[in-house]
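Everything on this sheet refers to the single structure shown next.
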Amino acid sequence: MTLIADRPGPGAARPYRFPPVVRRAVAGGQVVAAHLPGQNLAVALLLLEAGAGREPNGKEGLGGVLAKALEEGTAQRDATAYALAIEALGTELVTGLDWDSFQVSVQVPVDRLTAAVQLLAEAVRTPRLDPADVQRVRDDEATALRMDWANPGPRADAALRADLFGAQNRWGRPMYGDPESVAGLDVEDVTVFHSEWFLRPGTLVVAGDLDRIDLDALASAAFAGTGGGPADRGGPIEVSLHTERRIILVDRPGSVQSTLRLGHPSPHRAHPDHVPMTLAGTVLGGAFTSRLNHLIREVRGYTYGIRGEFASSRRFGRFAVSSGVQTAVTAPALIEAVGEITRTQAGGVTEDELAVARAWRAGQLSVELQSPRAIASALTTLVVHDLPDDYHARLREALLAADVREVSEAAATHLHPEALTLVIEGDAAVIRDELQAANLGALLPWPPLPR
């Protein structure tokens, strides 16, 4: 007996309201806060202009090493004493790194927030950075990266990024570095990076019941002992599209699977087309119901899953597709993926597809932006990307209001199937001839030949 059922349709998006945003300048820094009445938990997040994009070329991975070194004690306490102090408040330091920022946060009951921010500032502003600790953390990070890079994926990701943005540029190299770049860091690299970027005030993001929180006291604790003017944030980076498709084959001898990474540059995060681009990407590859997943997983059976979407930072972005397929269907899977991207660019989206994408994206806001930590993360988006305070309040309406014409125009404008770089990490001896016969683009060596 065969059971056949129709795929469920989209439900109504849940009601959604983002809390009011409060901004003020205190003690040389900026405070951005959201009022969550009655909430007993609060989050404080220190946002610094110390993202991976600040790392010098050849020193990739500094931010990751420094994040771990912050846990190794401060000028006031050794690692054990600091760990006991932070645990006594029932919290921990949570660090985050992206291309634009370095983030350190704590989440505690409201009445412990000031003490937690004092400990956070102690770790960030006055870390011990004992040479032996820094070297041990560096070695641990390099070992972890070696283990990660032994798996399929990281080399393909690095090859795609280098081809799109240029390996000579920091944003053309892996955000967390690679095993060699991290292993090559020394103690002075870490201490200089800290002194240059971690002693500036930054922005303190707070999410909690502001009726019970003294923002001035928090800011004074977070910004104590800091100085220096604001860092030059730079403008969007202009990245040229390739004039034709290209294939990069990363050899993984004996692999029974090919790891696929397809992509091209796309606009930065604050671009006015961000919402329709997001919806176009959702229809094409950003959800389980997407065109790519339906075709390549459900119809062809080539993969367990494939995803494609626009991702962006403050200065640049990229459209990328990722999947893994059996070696025998590498070329057919690529042909189908490129074909689906081409059809979406040329023909746009349908109303039925867009209705599902709109409801899903708008509904996510109701589900995701519930906790203090999620609200704090949303506030960092406002700061990093210079978005208006009512951005999240209006985002749901913008998603629901986007129409087929607008989203189809975004697909036509920002998808470039003719400029794709196709990276395949797999058994070159088995798949090279088939890739050349597929006529998808010129086959380039990896690593690239010296110029």
Side-chain angles (χ1 to χ4, degrees), residues 22 24-34 36 39-51 63-98 101-129 133 137 190 193-195 197-210 212-228 371-380 383-384:
V22 176
R24 65 177 66 172
V26 182
Q30 182 185 30
V31 176
V32 179
L36 308 178
Q39 176 61 253
N40 288 322
L41 281 179
V43 169
L45 183 152
L46 185 60
L47 184 66
L48 301 173
E49 284 282 333
V65 172
L66 187 49
K68 294 296 179 63
L70 296 182
E71 303 173 5
E72 300 297 325
T74 69
Q76 294 79 27
R77 318 166 206 246
D78 63 20
T80 300
Y82 186 84
L84 290 173
I86 200 88
E87 288 174 7
L89 297 176
T91 188
E92 63 178 340
L93 290 184
V94 177
T95 58
L97 175 74
D98 56 30
S101 67
F102 188 100
Q103 306 168 19
V104 189
S105 65
V106 288
Q107 177 174 272
V108 291
V110 173
D111 58 359
R112 301 178 187 177
L113 188 59
T114 299
V117 169
Q118 290 170 344
L119 285 174
L120 181 155
E122 182 180 319
V124 171
R125 310 303 189 184
T126 60
R128 180 164 298 220
L129 298 184
D133 290 335
V137 167
V190 176
F193 190 74
H194 177 270
S195 65
W197 299 109
F198 280 60
L199 300 182
R200 300 171 187 256
T203 299
L204 182 66
V205 172
V206 180
D209 188 342
L210 299 186
R212 301 162 60 193
I213 295 173
D214 186 341
L215 291 179
D216 290 343
L218 289 183
S220 296
F223 303 143
T226 61
S371 68
R373 188 169 290 284
I375 297 296
S377 178
L379 292 178
T380 66
V383 176
V384 170

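Counting heavy atoms from C-beta on, the side chains of Ile375 and Gln39 never come closer than 4.5 Å. Contact annotation: the side chain of Leu48 approaches that of Val124 to within less than 4.5 Å [non-hydrogen atoms, C-beta and beyond]. Counting heavy atoms from C-beta outward, Ser101 and Thr380 have side chains that stay 4.5 Å or more apart. Side-chain contact between Gln103 and Val94 is absent, with no heavy atoms from C-beta onward closer than 4.5 Å.
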query = How far apart are the C-alpha atoms of Thr114 and Leu218, what are their side-chain angles, what is the distance that settles it, and do they pass the side-chain contact (heavy atoms from CB on, under 4.5 Å) test?
reply = CA-CA 6 Å; Thr114 299; Leu218 289 183; 3.7 Å; yes
ask   = Can you check side-chain contact (heavy atoms from CB on, under 4.5 Å) on Leu113 and Val110, steps first, answer last?
value = CA-CA 5 Å; Leu113 188 59; Val110 173; 5.5 Å; no
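Judged by distance alone, the side chain of Arg128 and the main-chain N or O of Ala69 form no donor-acceptor pair under 3.5 Å.
In terms of heavy atoms, Glu92 sits closest to Val106 at O-CG1, 3.8 Å. Heavy atoms only, all atoms of each residue included: Leu70 and Pro127 are closest at CD2-CB, 3.9 Å. The two residues Ala221 and Gln118 have their closest heavy-atom pair at CB-CG, 3.8 Å. When all heavy atoms of Arg125 and Ala222 are compared, the pair lying nearest together is NH2-O, 2.9 Å. In terms of heavy-atom proximity, Trp197 sits nearest to Ala50 at CB-CB, 3.7 Å. Counting all heavy atoms, side chain and backbone alike, Leu210 lies closest to Leu215 at CD2-CD2, 4.2 Å.
For Asp216, the side-chain contact (heavy atoms from CB on, under 4.5 Å) partners at least two apart in sequence or on another chain are Arg24, Val26, Asp214. Judged as a ring pair (Phe, Tyr, Trp, His ring centres under 6.0 Å), and not counting sequence neighbours, the contacts of Phe102 are Phe198. Taking the salt bridge (Lys or Arg N to Asp or Glu O under 4.0 Å) definition, one finds that Glu71 meets it with nothing, sequence neighbours left out. Contacts of Arg112 classified as side-chain hydrogen bond (donor to acceptor under 3.5 Å, both in side chains), with partners at least two apart in sequence or in another chain: none.
One finds the CG atom of Leu129 at 6.5 Å from the CG atom of Leu66 (value rounded to the nearest 0.5 Å).
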Side-chain donor-acceptor pairs under 3.5 Å in residues 199-209, sequence neighbours left out?
unit_1 : atom_1 : unit_2 : atom_2 : d
Arg200 : NE     : Glu196 : O      : 3.0
Arg200 : NH1    : Gly229 : O      : 2.7
Thr203 : OG1    : Gln30  : OE1    : 3.4
Asp209 : OD1    : Asp211 : N      : 3.1
Asp209 : OD2    : Gly38  : N      : 3.0

Could you list the donor-acceptor pairs under 3.5 angstrom formed between side-chain atoms of residues 73-90 and any protein atom two or more places apart in sequence or on another chain?
unit_1 : atom_1 : unit_2 : atom_2 : d
Thr74  : OG1    : Gln76  : N      : 3.2
Thr74  : OG1    : Gln76  : OE1    : 3.3
Thr74  : OG1    : Arg77  : N      : 3.1
Thr74  : OG1    : Glu122 : OE2    : 2.7
Gln76  : OE1    : Thr126 : OG1    : 3.1
Arg77  : NE     : Glu122 : OE1    : 3.3
Arg77  : NE     : Glu122 : OE2    : 2.8
Arg77  : NH2    : Glu122 : OE1    : 3.2
Asp78  : OD1    : Thr80  : N      : 3.2
Asp78  : OD1    : Ala81  : N      : 2.8
Tyr82  : OH     : Leu119 : O      : 2.6

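Side-chain atoms of Ser105 and Arg373 form a donor-acceptor pair, as typed in the model, at a separation below 3.5 Å.
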